[in-house]
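Comments concern the structure below.
Quick note: numbers below take in every heavy atom, side chains included, and nothing from hydrogens, waters or symmetry partners.
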Amino acid sequence: EVQLQASGGGLAQAGGSLRLSCAASGFTFSDHAITWFRQAPGREREAVACINTGDGSTHYADSVKGRFTISSDSPRTTVYLQMNSLKPEDTAVYYCASESWRSGGSIYWDSADSFGSWGQGTQVTVSS
């Protein structure tokens, strides 16, 4: 069974750091696009960062460029989101989502509809 397990959320002060993890169970991220999305109360879900494990290319939302870094481990079983210089507006539930490029469809890194597998979400709260 394909599963994603998101973890690493918590409480941080503004200017602090957190690292989120998205672990794959039952498969490896051999040729996948993995995007971290977030959703704050009363706001629409937004894409934060994406990594394509096939070529290592990455994408970031303008709001997190220079502060967040997405990466994957060598076995390609875990994707990380290193979040530095956190701001109160980063407070949200963060979800990881993955889709295989071998599925044959188009994948738009910032579109939730492109992704078929989702983790359960992890809460990030940044205090001012």
Between CD on residue Gln3 and OG on residue Ser98, distance to nearest 0.5 Å = 11.5 Å
Within-4.5 Å side-chain heavy-atom neighbours: Gln120 and Gln5 = yes
With a 4.5 Å limit on heavy-atom distance, are the side chains of Thr69 and Tyr80 in contact?
-> no
Counting distance only, does the side-chain N/O of Arg76 pair as donor-acceptor with the main-chain N or O of Thr53 below 3.5 Å?
-> yes
Before giving the answer on side chain to side chain contact (heavy atoms under 4.5 Å, CB included), spell out for Leu20 and Met83 the whole-Å C-alpha distance, their side-chain angles and the decisive distance to 0.1 Å.
-> CA-CA 8 Å; Leu20 305 184; Met83 305 186 296; 3.7 Å; yes
Considering all heavy atoms of both residues, which atom of Ala6 and which atom of Gly121 are nearest to each other, and what is their separation?
-> CB-N, 4.3 Å
Note, Ile107 side chain near His32 side chain (heavy atom, < 4.5 Å) = no
Scanning both residues in full, the closest heavy-atom pair of Cys22 with Phe29 reads O-CE1, 3.7 Å
Going through the distances and angles, do Leu81 and Arg38 end up as a side chain to side chain contact (heavy atoms under 4.5 Å, CB included)?
-> CA-CA 12 Å; Leu81 185 67; Arg38 67 185 180 187; over 6 Å; no
How about Ser72 and Ile34: do any of their side-chain heavy atoms sit closer than 4.5 Å?
-> no
Within the distance-only criterion (no hydrogens, no angle test), does the side chain of Thr35 pair as donor or acceptor with the backbone N or O of Ala97 below 3.5 angstrom?
-> no
Closest heavy-atom pair, Val48 versus Val64, reported as atoms and distance to 0.1 Å, is O-CG2, 3.5 Å
Quick one: closest heavy-atom pair of Asp31 and Gly54, and the distance?
-> OD1-CA, 3.6 Å
Are a donor atom and an acceptor atom from the side chains of Ser111 and Asp113 found within less than 3.5 Å of each other?
-> no
How far apart are the C-alpha atoms of Ser117 and Phe27, what are their side-chain angles, what is the distance that settles it, and do they pass the side chain to side chain contact (heavy atoms under 4.5 Å, CB included) test?
-> CA-CA 11 Å; Ser117 298; Phe27 73 108; 5.5 Å; no
Residue Gln13 excluded, over 12 heavy atoms near CD under 6.0 Å | no
Is the backbone N or O of Thr77 less than 3.5 Å from a side-chain atom of Thr28, with the two atoms forming a donor-acceptor pair by type?
-> no
Heavy-atom pair of closest approach, residues Ala92 and Ala40 | CB-N, 3.8 Å
Glu99 side chain near Ser114 side chain, heavy-atom distance below 4.5 Å = no
Identify whether Val79 and Leu18 are in the same connected component of the hydrophobic contact network (ILVMFWY, side-chain heavy atoms under 4.5 Å).
-> yes
Write down the atom of Asn84, the atom of Ser17, and the distance for their closest heavy-atom approach.
-> OD1-OG, 2.9 Å
Is the shortest distance from a Lys or Arg side-chain nitrogen in Lys87 or Asp90 to a carboxylate oxygen in the other one below 4.0 Å?
-> no
After noting the C-alpha distance and the side-chain angles of Trp109 and Ile51, does the key distance pass the side chain to side chain contact (heavy atoms under 4.5 Å, CB included) rule?
-> CA-CA 8 Å; Trp109 77 272; Ile51 187 168; over 6 Å; no
What pairs with Trp101 under ring pair (Phe, Tyr, Trp, His ring centres under 6.0 Å), at least two apart in sequence or on another chain?
-> none
Given the options Tyr94, Phe115, Tyr95, Phe37 meets ring pair (Phe, Tyr, Trp, His ring centres under 6.0 Å) only with Phe115
Find the distance between CD (Gln123) and OG1 (Thr91) and round it off to the nearest 0.5 Å.
-> 7.5 Å
Do side-chain atoms of Asp110 reach the backbone of Ala47 as a donor and acceptor pair under 3.5 angstrom?
-> no
